[in-house]
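Worksheet for the structure shown next.
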Amino acid sequence: MTKNKWIDVTAPLVNGMVVWTNDIKVQIERRVSMDRGDLVNNSTISMGAHTGTHMDAPLHFIAKGKSIDQVPFDAIIGPTRVIEIKDKVSIKADDLKPYNIKRGERILFKTRNSPASWQNKNFAEDFVFITKGAAQLLAYTKVALVGVDYLSVGSPVDPEKGMKDVHEILLGAEIWLIEGLNLTDVKPGNYNLICLPLKLMNAEGSPVRAVLQRIP
Ligand SMILES: [Zn+2]
């Protein structure tokens with residue numbers, strides 16, 4: 001049993017957790033509370049759709065793109081490859097070539113972002129990101145899903161390197177994105193993935209719960 005246990009790769013949603021630079025802070029509040037003499041416990045939540053471990057739908061950067069409620073289950077459930085990229089700055093096209101990535105694959109990138117960036121309560125601008133060249137290669141290959149271990153596939157530092165470009169290339173090819181994975185406890189290799197976003201109608205993103213199970 002232990003060999004095939006499910007590994008939770010979801011960042012915990014808690015008040016005070018790191019969010020994108022201009023995003024609203026997470027607020028989870030016990031609105032009705034048994035500690036205060038109420039009959040039940042009942043919480044309210046307030047947060048951005050791109051908080052913690054979440055998915056981007058094409059609609060995030062493509063005006064008429066698909067929304068998160070339209071994600072095909074085949075993109076987010078099934079065999080998945082975790083590839084470790086040792087480069088401390090970015091994921092480049094040359095880094096991907098040895099892996100012979102194929103059409104329709106689900107690919108998660110583990111970098112130094114796991115765990116370093118998640119331990120930091122402040123937003124880490126210098127996270128490892130996907131370069132434009134690597135995004136083009138993934139789009140050309142037509143993978144089904146790409147996952148990264150910090151809050152964005154593209155770097156916010158240099159617009160040339162491309163928040164906008166990298167999102168547009170990947171989402172324009174209708175590649176579904178998971179951002180904000182925590183792959184600290186995951187070795188490179190083959191896994192089964194289950195990652196389910198909320199059914200937020202016509203929304204461009206959603207928080208997810210994502211779990212992996214090693215394929216022997
Ligand atoms: Zn996002």
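The analysis underlying the following values was restricted to heavy atoms, covering all of them including side chains, and did not include hydrogens, waters or symmetry mates. Counting starts at 1 for both ligands and their atoms, following the listed order.
- Residues D8 and T10 bring a donor and an acceptor atom of their side chains to less than 3.5 Å of each other.
- A salt bridge does not link K86 to D95: none of the charged nitrogens lies less than 4.0 Å from a carboxylate oxygen.
- For E174, the side chain to side chain donor-acceptor pair (under 3.5 Å) partners at least two apart in sequence or on another chain are K66.
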- Message: Run K110 and K187 through side-chain contact (heavy atoms from CB on, under 4.5 Å) and show every step you take.
- Response: CA-CA 9 Å; K110 178 181 182 174; K187 292 186 179 72; 5.9 Å; no
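- The distance cut-off of 2.8 Å around the Zn ion (ligand 1) captures these protein N, O or S atoms, sorted by chain and number: H50 ND1, H54 NE2, D56 OD1, E179 OE1.
- Using the six-membered ring where Trp is involved, F127 and Y150 have ring planes that are tilted, between 30° and 60° apart.
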- Task: For salt bridge (Lys or Arg N to Asp or Glu O under 4.0 Å), just list the numbers for K97 and D94, CA-CA rounded to whole Å, side-chain angles, deciding distance to a tenth of an Å, and then say yes or no.
- Result: CA-CA 5 Å; K97 279 174 189 153; D94 280 349; 3.2 Å; yes
